[in-house]
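In what follows, a structure is listed as structure tokens, so that the remarks can point back to it.
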Amino acid sequence: MSSEVEYDCIVIGAGVQGSFTAYQLAKRNKKTLLLEQFVLPHTRGSSHGQTRIIRKAYEQDFYTQMMDECYKLWSQLEREAGVTLYRQTGLLVMGPEHSDSYLLYKNTMERNNVPMVILTPENFSQHIPNVILAEGDGALVDINAGVLYADRALKTVQGQFQKLGGVIRDKEKVTDITPGPVVTVSTSAGVYRAKSLVITVGPWANKLLAHIGLQLPLEVQKINVCYWEEKVPGTYDMKKRFPCFLLTEGEESDRHIYGLPSNEYPGLVKICYHIGSETDPDHRDKQTDRSDIGILQRFVARCFPGLIPEPAVVESCMYTLTPDSHFVLDCHPAYSNIVFGAGFSGHGFKFGPIIGKLLCELSLGEVPSYDLSPFRIRRFQGNTKSAL
Ligand SMILES: Cc1cc2nc3c(=O)[nH]c(=O)nc-3n(C[C@H](O)[C@H](O)[C@H](O)COP(=O)(O)OP(=O)(O)OC[C@H]3O[C@@H](n4cnc5c(N)ncnc54)[C@H](O)[C@@H]3O)c2cc1C
Ligand SMILES: O=C(O)[C@@H]1CCCCN1
């Protein structure tokens, strides 16, 4: 089957990044096709589930600064579609008070005037009851941080894209790409052509980029998404404004932990370990490593006395990590009309609206609104294998 229509742009992958890119292109009146291998919605990539953290608290200025506009774009989408996608809860950041990572968070937030409250060991439990602050840890709260309703956000942005005339074809796996001034994309069901192509296939990035002679230094990890039962229902509830939290990076293995208040499964709090085990996205369920759960159990027992230290629900999701945990946003070195967004390293959801805008700009050959040097592939130098 061959399609007669020539699109301005084809976007491959209807996760959060591809969906926002397609939406931005349609807003710019570009005739856009969004292709997805699975039937939508699905739970086999990185963007499923009900909740994600949104925050300005970052170690790097460039992320904190991008979030300024990003919050505005989220609320613009909420207004446009008439839905609620964000709920303010605050984000509690905890880490050894004098450690590099904790100080980077604190200083970056101060420098960028991010509204925050610094808690002391004396007033901590008054602000955050039922949590034990570790000895020597500092604590601060990013006041405007909160929760994004992830599944609802995806459905909303895809719906808005379609309202603007965009076409979504799910259950169509892209099997080949032929570069050129007009790019040809073959799927399990047809052949499509477009002036430009955006590849946002999450954990499948290297599988697809292989078709156009490019390999990035990415590692796909399966993350165990654990929910823990409250001894007294409501103790850590989102409605009571219990905050999201994260422990800053450190030497000890028990520091890579974060959590979100109970919401989607009433009485259950999401607390996860930020490091998973390597996996193949097509065989994710073969990866059964649960060694992180022991670390989480010890943490929960020590710091969350109101939770039963045994996970009540374990789901899974995937991270696609770059060596420096910064995103990849770039054009193909040989074909400037092929653009990709990859390696969102477990923290890309909140940036969806900005990633969409940037990938749209790159695909139209425009100067991007932000300095993309932290995200370009040339930073990997020897690590990027180009078969060209
Ligand atoms: C447990 C967990 C917690 C997280 N927490 C946060 C958080 O609190 N805050 C935050 O900001 N971020 C968070 N993230 C990160 C965020 O969810 C991801 O960065 C983001 O979802 C990545 O989106 P994506 O569009 O790149 O990938 P995906 O959502 O995986 O989308 C890629 C899509 O491409 C499709 N595809 C692949 N190959 C093909 C093909 N050949 N043809 C057609 N379609 C194809 C896939 O099926 C998939 O739908 C978290 C991630 C996980 C796993
Ligand atoms: O992107 C985020 O905000 C979270 C922080 C903790 C790890 C998972 N991602």
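Keep in mind that the numbers below use all heavy atoms, side chains included, and drop hydrogens, waters and symmetry copies. In each ligand, atom 1 is the first atom listed, and ligand 1 is the first ligand listed.
- Close N/O approach between Val174 and ligand 1 is found [any backbone or side-chain N/O within under 3.5 Å].
- Scanning all protein heavy atoms for the shortest distance to atom 14 (N) of ligand 1 gives Gly346 O, 3.3 Å.
- Between Lys173 and ligand 1, no N or O atom pair is found at a separation short of 3.5 Å.
- When atom types are taken as modelled, the side chain of Thr200 and the backbone of Gly341 share no donor-acceptor pair closer than 3.5 angstrom.
- Between Phe242 and Phe304, the ring-plane angle classifies as perpendicular under the 30° and 60° cut-offs.
- Counting only non-hydrogen atoms, the option in Glu36, Gln17, Gln221 that gets closest to atom 49 (O) of ligand 1 is Glu36.
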Query - Worked verdict on Arg28 versus Asp8 for salt bridge (Lys or Arg N to Asp or Glu O under 4.0 Å) - result: CA-CA 11 Å; Arg28 305 274 306 265; Asp8 291 317; over 6 Å; no
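- The protein heavy-atom contact nearest to atom 27 (O) of ligand 1 is Gly202 CA, 3.4 Å.
- By the 3.5 Å distance cut-off applied to N or O atoms, Phe349 is counted among the residues near ligand 1.
- Within the 4.5 Å cutoff, side-chain heavy atoms of Leu85 are placed close to those of Thr156.
- If you check each of Val225, Val185, Leu260 against atom 1 (C) of ligand 1, the one with the closest non-hydrogen atom is Val225.
- Using a 4.0 Å cut-off to heavy atoms of Ile53, the atoms of ligand 2 that qualify are 3 (O).
- Atom 23 (O) of ligand 1 has its nearest heavy-atom neighbour, among Ala14, Ser47, Pro41, in Ser47.
- In this structure a side-chain-to-backbone donor-acceptor pair under 3.5 Å is present from Asn206 to Leu216.
- Proximity of a side-chain donor or acceptor of Arg52 to a complementary backbone N or O of His48 within less than 3.5 Å is detected.
- In terms of modelled atom types and a separation under 3.5 Å, the side chain of Arg379 and the main chain of Ser373 share no donor-acceptor contact.
- Aromatic ring pairs are classed by plane angle as parallel below 30°, tilted from 30° to 60° and perpendicular above 60°; the pair Phe340 and His332 is perpendicular.
- Residues Val93 and Met116 have side chains not in contact (no heavy-atom distance under 4.5 Å, counting atoms from C-beta outward).
- A heavy-atom distance below 4.5 Å is not found between the side chains of Arg169 and Thr187.
- Considering only non-hydrogen protein atoms, atom 8 (O) of ligand 1 sits nearest to Ile53 N, 2.7 Å.
- Only side-chain heavy atoms of Tyr319 come within less than 4.0 Å of ligand 2; its backbone N, CA, C and O stay farther off.
- Atoms of ligand 1 found under 4.0 Å from any heavy atom of Gly45 (numbered from 1 in listed order, with element): 30 (O).
- The N/O atoms of Cys317, backbone and side chain alike, include none that comes under 3.5 Å of an N/O atom in ligand 1.
- Salt bridge annotation for Arg255-Asp137: present, with a cationic side-chain nitrogen under 4.0 angstrom from a carboxylate oxygen.
- At distances below 3.5 Å, at least one donor-acceptor pair connects side-chain atoms of Lys222 with backbone N or O atoms of Gln287.
- In this structure, His42 is part of the shell of residues with a heavy atom less than 4.0 angstrom from ligand 1.
- Between Phe375 and Phe62, the angle of the ring planes goes over 60°, which puts this pair in the perpendicular group of the 30/60° scheme.
- Residue Arg52 does not touch ligand 2, judged by heavy-atom distances below 4.0 Å.
- A centroid separation of less than 6.0 Å is found between the aromatic rings of Phe351 and Tyr58.
- Only the side chain of His274 comes within 4.0 Å of ligand 2, judged by heavy-atom distances.
- The backbone of Met318, and not its side chain, has at least one atom closer than 4.0 Å to an atom of ligand 1 (non-hydrogen atoms only; backbone = N, CA, C, O).
- Between Tyr192 and Glu172 there is a side-chain heavy-atom pair separated by less than 4.5 Å.
- With ligand atoms numbered from 1 in the order given, ligand 1 contributes 41 (N) to contacts under 4.0 Å with heavy atoms of Leu208.
- Scanning all protein heavy atoms for the shortest distance to atom 43 (C) of ligand 1 gives Gln37 N, 3.2 Å.
- Residue Trp204 has at least one heavy-atom neighbour below 4.0 Å for each of these atoms of ligand 1: 37 (C), 38 (N), 46 (C).
- Of all the heavy atoms of Ile54, none lies under 4.0 Å from any atom of ligand 1, so neither backbone nor side chain is involved.
- Protein heavy atom nearest atom 34 (O) of ligand 1, with residue, atom name and distance: Gly13 CA, 3.1 Å.
- Considering Tyr86, Tyr149, Phe20 as possible partners of Trp74, the one that fulfils the ring pair (Phe, Tyr, Trp, His ring centres under 6.0 Å) test is Phe20.
- Arg55 NE, 2.6 Å is the protein heavy atom nearest to atom 3 (O) of ligand 2.
- Separation of the Phe245 and Tyr236 ring centroids does not fall under the 6.0 Å cut-off.
- Residue Gly348 places at least one N or O, backbone or side chain, under 3.5 Å from an N or O of ligand 1.
- Within the listing of ligand 1, atoms 20 (C), 21 (O), 23 (O), 25 (O) sit less than 4.0 angstrom from a heavy atom of Val16.
- By the criterion of a heavy-atom distance under 4.0 Å, the side chain of Ile12, and not its backbone, is placed next to ligand 1.
- Asn224 places no side-chain N or O within 3.5 Å of a backbone atom of Cys226 that could act as its donor or acceptor partner.
- Looking only at heavy atoms of the protein, atom 22 (C) of ligand 1 is closest to Ser46 CB, 3.9 Å.
- Counting the atoms of ligand 1 from 1 in the order shown, those under 4.0 Å from a heavy atom of Pro203 are 30 (O).
- Closest heavy-atom approach to atom 50 (C) of ligand 1 within the set Glu315, Arg44, Arg52: this belongs to Arg52.
- The side-chain heavy atoms of Tyr265 and Glu315, taken from C-beta on, include a pair separated by under 4.5 Å.
- Shortest contact from atom 9 (N) of ligand 2 to any protein heavy atom: Gly346 O, 2.8 Å.
- Considering only non-hydrogen protein atoms, atom 1 (O) of ligand 2 sits nearest to Lys350 NZ, 2.6 Å.
- Counting only heavy atoms of the protein, atom 2 (C) of ligand 1 lies nearest to Tyr319 CE2, 3.6 Å.
- Contact between Glu172 and ligand 1 is present, with at least one heavy atom of the residue lying under 4.0 Å from the ligand.
- The single protein non-hydrogen atom nearest to atom 31 (O) of ligand 1 is Gly15 CA, 3.3 Å, given as residue, atom name and distance.
- Listed by atom number, the atoms of ligand 1 under 4.0 Å from Phe38 heavy atoms are 47 (O).
- Backbone and side-chain nitrogen or oxygen atoms of Tyr258 are examined, and none is located within less than 3.5 angstrom of a nitrogen or oxygen of ligand 1.
- Defined by atom type and a distance below 3.5 Å, a donor-acceptor pair is missing between the side-chain atoms of Thr108 and Glu59.
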